[in-house]
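Each remark here refers to the structure printed beneath this line.
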Amino acid sequence: MHPESLTVEVLPTPEAVAEALARRTETLLRSALAKSAIASLCLTGGSTPKPAYQRLRSADLDWSRVHVFWTDERLVPPDDEASNVSMARNALLNAIPEAHIHAPQGDLSPEQAADAYETGLQQVFGEPPPSFDVLHLGMGEDGHTASLFPGGPELEVTDRWVTSSVAPSGSSERQRVSLTLPALNAARHVLVAAHGEAKRPAFLRVMDAYDANASGSSRPPISNVSPDGPVIWLVDRMLAQGALKE
Ligand code: 6PG
């Protein structure tokens, strides 16, 4: 399964990856706002996006017309430093009206958090899956994205937009809530930001999976994100070295 439109942009450093993620997001949101009253931005978690979100804060955008969502959340109290929502609030969200911040609730049980977040998405998007104007994704060293992990039952969920999941043992904050593949694949534009040598093997497996159209179970989870719209990978040289055919 190969995204309809796949771009891999190789940047010189992790800082350049953050800058590219911020600038591309700004451009895509501005374009969305030129065509519609509101735009939807789905943020992701982990450490990679944080410098991009700090840069995005200074974007010349009418943030009052942007609705913000998350790909996933760890089930921790909202003020916990491991919270993806807390990270984004501290880095970016002071410019966004509270009514436009649609955050998963980390202080609920997995099932309650998944149901509550799904209900919130349905209130904004109605029946069809949530077609985020811009969807951010990261990738773990095992090829996971959002909180969809290799071999996890969450990868098979097709009748919901949000599901609970459990990160592999050894992961931080194992109880998660995550968008499912149908929700991720409804996005209009997907920006994937990843850097560092440690993720190179996973990136290689993703590129192979794109090329080989390998079956679902053997594919790194992120390679199943194959929306109709463009998928743009923003990676640094350390990650991409040797992984791209010249
Ligand atoms: C999370 C993220 C997750 C993240 C990857 C990469 O909640 O952890 O949504 O999918 O994107 O784990 O994390 P880093 O950016 O910290 O490497």
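Starting from 1, each residue takes its place in the sequence as its number. Start at 1 and go down the list; that is how both ligands and their atoms are numbered.
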Give the numbers and elements of all ligand 1 atoms closer than 4.0 Å to a heavy atom of Asp72.
1 (C), 2 (C), 7 (O), 9 (O)
Quick test: of every protein heavy atom, which one is nearest to atom 10 (O) of ligand 1, and how far off is it to 0.1 Å?
Ala146 O, 2.6 Å
Heavy-atom contacts with Ser47 under 4.0 Å: which atoms of ligand 1 show up? List them by number with element.
14 (P), 15 (O), 16 (O)
Measure from the side-chain N and O atoms of Arg174 to the backbone N and O of Val166, and report whether any donor-acceptor pair falls under 3.5 Å.
no
Among all protein heavy atoms, pick out the one at the shortest distance from atom 15 (O) of ligand 1; state its residue, atom name and that distance to 0.1 Å.
Thr48 OG1, 2.6 Å
Pair Glu154, Thr180: side-chain N/O donor-acceptor within cut-off below 3.5 Å:
no
Between Arg188 (side chain only) and Ser131 (backbone N and O only), is there a donor and an acceptor less than 3.5 Å apart?
yes
Which residue and atom name correspond to the protein heavy atom nearest atom 13 (O) of ligand 1, and how close is it?
Gly46 CA, 3.9 Å
Do Arg30 and Leu61 come within less than 4.5 Å of each other through their side chains, counting heavy atoms only?
yes
Minimum side-chain heavy-atom gap Thr48-Leu21 below 4.5 Å
no
Which atoms of ligand 1 sit under 4.0 Å from any heavy atom of Gly138?
11 (O)
For the residue pair Thr13 / Asp236, report whether a side-chain donor-acceptor contact shorter than 3.5 Å exists.
no
Close approach of Arg74 to ligand 1, heavy atoms, under 4.0 angstrom
yes
Looking at Thr44, which atoms of ligand 1 are within less than 4.0 Å of one of its heavy atoms?
9 (O)
Which of the ligand 1 atoms, numbered from 1, are nearer than 4.0 Å to a heavy atom of His144:
3 (C), 5 (C), 10 (O), 12 (O)
Protein heavy atom at shortest distance from atom 6 (C) of ligand 1
Met139 O, 3.5 Å
Going by the order shown, which atoms of ligand 1 are within less than 4.0 Å of some heavy atom of Thr145?
10 (O)
Contact check, Arg176 vs ligand 1, heavy-atom distance below 4.0 Å
yes
Check: His102 ring centroid to Phe125 ring centroid under 6.0 Å:
no
What atoms of ligand 1 come within less than 4.0 Å of a heavy atom belonging to Lys199?
6 (C), 14 (P), 15 (O), 17 (O)
Nearest neighbour in protein (non-hydrogen) for atom 4 (C) of ligand 1
Gly45 O, 3.9 Å
Pair Trp233 and Phe203, ring centroids less than 6.0 Å apart:
yes
I need the atoms of ligand 1 closer than 4.0 Å to a non-hydrogen atom of Asn84, numbered in the order shown.
1 (C), 7 (O)
Cut-off 3.5 Å, side chains only: do Thr71 and Thr44 have a donor facing an acceptor?
yes
For Glu197, look at atom CD and say whether over 12 heavy atoms of other residues, nucleotides or ligands are found less than 6.0 Å away.
no
